[in-house]
Amino acid sequence: MKDDVKKIFVEKFKTEPLIVRSPGRINIIGEHTDYNNGFVLPAAIDKAIYIAASKRDDYLISLHAANFNEDFTVKISEIAPSKQNWPNYILGIVDQLKKINKNITGFNAVVDGDVPLGAGLSSSAAVECATVFALNELFELQLDKMQMVKLAQAAEHAFAGVKVGIMDMFASMFGKKENVIKLDCRSLQYEYVPFHLPGIKIVLLNTNVKHSLASTEYNTRRKECEQGVEWIKENHPEVNSLRDATIEMLNTMVLPKDKLVYKRCRFIVEEIQRLLQACEDLKKDDVSALGKKMFATHDGLSKDYEVSCKELDFLVDAVRNNKNVFGARMMGGGFGGCTINLVKEEAVENLVEDVGNIYQKEMNLPLTAYIVSIEDGTSVLK
Ligand code: ADP
Ligand code: MG
């Protein structure tokens, strides 16, 4: 991949580029906890975006997307969100740099990668992190990784119009080989937890669907969580998010008012607890205990938080009683994308084939599988 992007760049721009790799990400457990100030447990993977870039002598940005075989050129002074979409994740970074008075001149860039688009592995965050890291190097902007993560998040808000949390960019930038990141979304403090499960593979099964409900339901869930917090606050003014709430508070302050809001909030409070216990499981290399929690997370997301869909439920149910599968759950915001499965290495091939066949038969859809490993975050490739 690195050689490909370099070759395309040199053919196009006749000069040697700087090359930056920035990975996609998974999340082991901790879903919908980010905007509730809780914890998440993501990791960077071996699928990544590659950017080859060099400075220009003028004020043009000249871009090429290898995956789409498309070009895009614009003057720095004239950047604005584009209908072409893919340039936005790069231009959004330039726009944010301008806002903090990190003024850059023109540059050339080729972007390429093997993170599947829209599958919930955060290809968009990978493009943003690769871009900001490359520009930071090329123009010696002296930004640290945390500044770059926040800038990438702001770029997605402004130029892609998606109010994403910070997890995706954080995981891409700060990933560490064979470790997951226990990220506290309230303080942004983080800790690496070794992911050492010999003989186990992380298998992602892509439903290949994305239901249009996703964004409206996402906003509704955020409001339901805020409502729960408001009711708790009447008696506990110190509670500012579900991170600070307990099941007992929910039982006394939220349940009598609204059962649905209660169900949503209880899932979040339980999920934060589950994540903390999952970190203890990982420290003991206890894959069975971790796997059970993943199934519990799925059931909570499906029945209480209600952000699953029939395809995701089908894939989790298909492996639920399989002795070679320790844990499985839907991953990401919901209504489509992938499930994440912990599978015994020797059983992966058959599992993918069997589940693929029944998925095709029952859902009339193809199944795509990715076997991923946990790798380092954003870096310059020498
Ligand atoms: P994801 O869950 O993968 O982040 P998004 O819809 O947020 O899905 O982002 C996908 C978008 O990111 C693509 O439509 C494209 O604009 C951009 N993108 C992802 N990968 C690439 C790539 N290899 N080259 C150019 N743009 C890319
Ligand atoms: Mg994205």
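Small disclaimer: the values here were computed from a predicted structure and weren't measured. Counting convention: from 1, in listed order, for ligands and their atoms alike. Any value given below was found using the heavy atoms of this structure, including those in side chains, with hydrogens, waters and symmetry copies removed.
With a 4.0 Å heavy-atom cut-off, ligand 1 is reached by the side chain of Ile49 but not by its N, CA, C or O.
The protein heavy atom nearest to atom 27 (C) of ligand 1 is Val127 CG2, 3.8 Å. Among all non-hydrogen protein atoms, the one lying nearest atom 10 (C) of ligand 1 is Ser123 OG, 3.4 Å. The nearest protein atom to atom 14 (O) of ligand 1, hydrogens excluded, is given as Asn85 ND2, 3.3 Å; this is a heavy-atom distance. Looking at atom 21 (C) of ligand 1, its nearest protein heavy atom turns out to be Leu117 CD2, 3.7 Å. Given atom 9 (O) of ligand 1, the protein heavy atom at minimum distance is Ser124 CB, 3.3 Å.
Remark: atom 6 (O) of ligand 1 lies closer than 4.0 Å to no protein heavy atom.
The pair Lys223-Glu226 does not count as a salt bridge, with every side-chain nitrogen at least 4.0 angstrom from each carboxylate oxygen. Salt-bridge formation is detected for the pair Glu234/Lys257: a Lys NZ or Arg NE/NH1/NH2 atom is positioned less than 4.0 Å from an Asp or Glu carboxylate oxygen. Between Lys177 and Asp46, none of the side-chain N atoms (NZ, or NE/NH1/NH2) sits under 4.0 Å from a carboxylate O, so this pair counts as no salt bridge. With salt bridges taken as basic N to acidic carboxylate O contacts below 4.0 Å, none links Asp304 and Arg264. With respect to the salt-bridge test (charged N to carboxylate O, under 4.0 angstrom), the residues Asp184 and Arg243 qualify. Using a cutoff of 4.0 Å between basic side-chain nitrogens and carboxylate oxygens, Lys7 and Asp3 are not scored as salt-bridged. With respect to the salt-bridge test (charged N to carboxylate O, under 4.0 angstrom), the residues Glu270 and Arg266 qualify.
In the vicinity of Gly120, heavy-atom distances shorter than 4.0 Å reach the ligand 1 atoms 2 (O). Shown in contact with Asn67 at under 4.0 Å from a heavy atom are these atoms of ligand 1, numbered in order with element: 22 (C), 23 (N), 24 (N). Within ligand 1, the atoms closer than 4.0 Å to a non-hydrogen atom of Phe68 are 25 (C), 26 (N), numbered from 1 in the order shown.
Residue Tyr89 holds the heavy atom nearest to atom 11 (C) of ligand 1 of all those in Tyr50, Tyr89, Trp86.
Ring geometry for Trp86 against Phe72 counts as perpendicular: the plane angle is over 60°, on a 0 to 90° scale with 30° as the lower cut.
The Mg ion (ligand 2) has an N, O or S atom of Ser124 closer than 2.8 Å.
A side-chain donor-acceptor contact under 3.5 Å links Glu375 and Ser373.
Not close to ligand 1: Val115, with no non-hydrogen atom less than 4.0 angstrom away.
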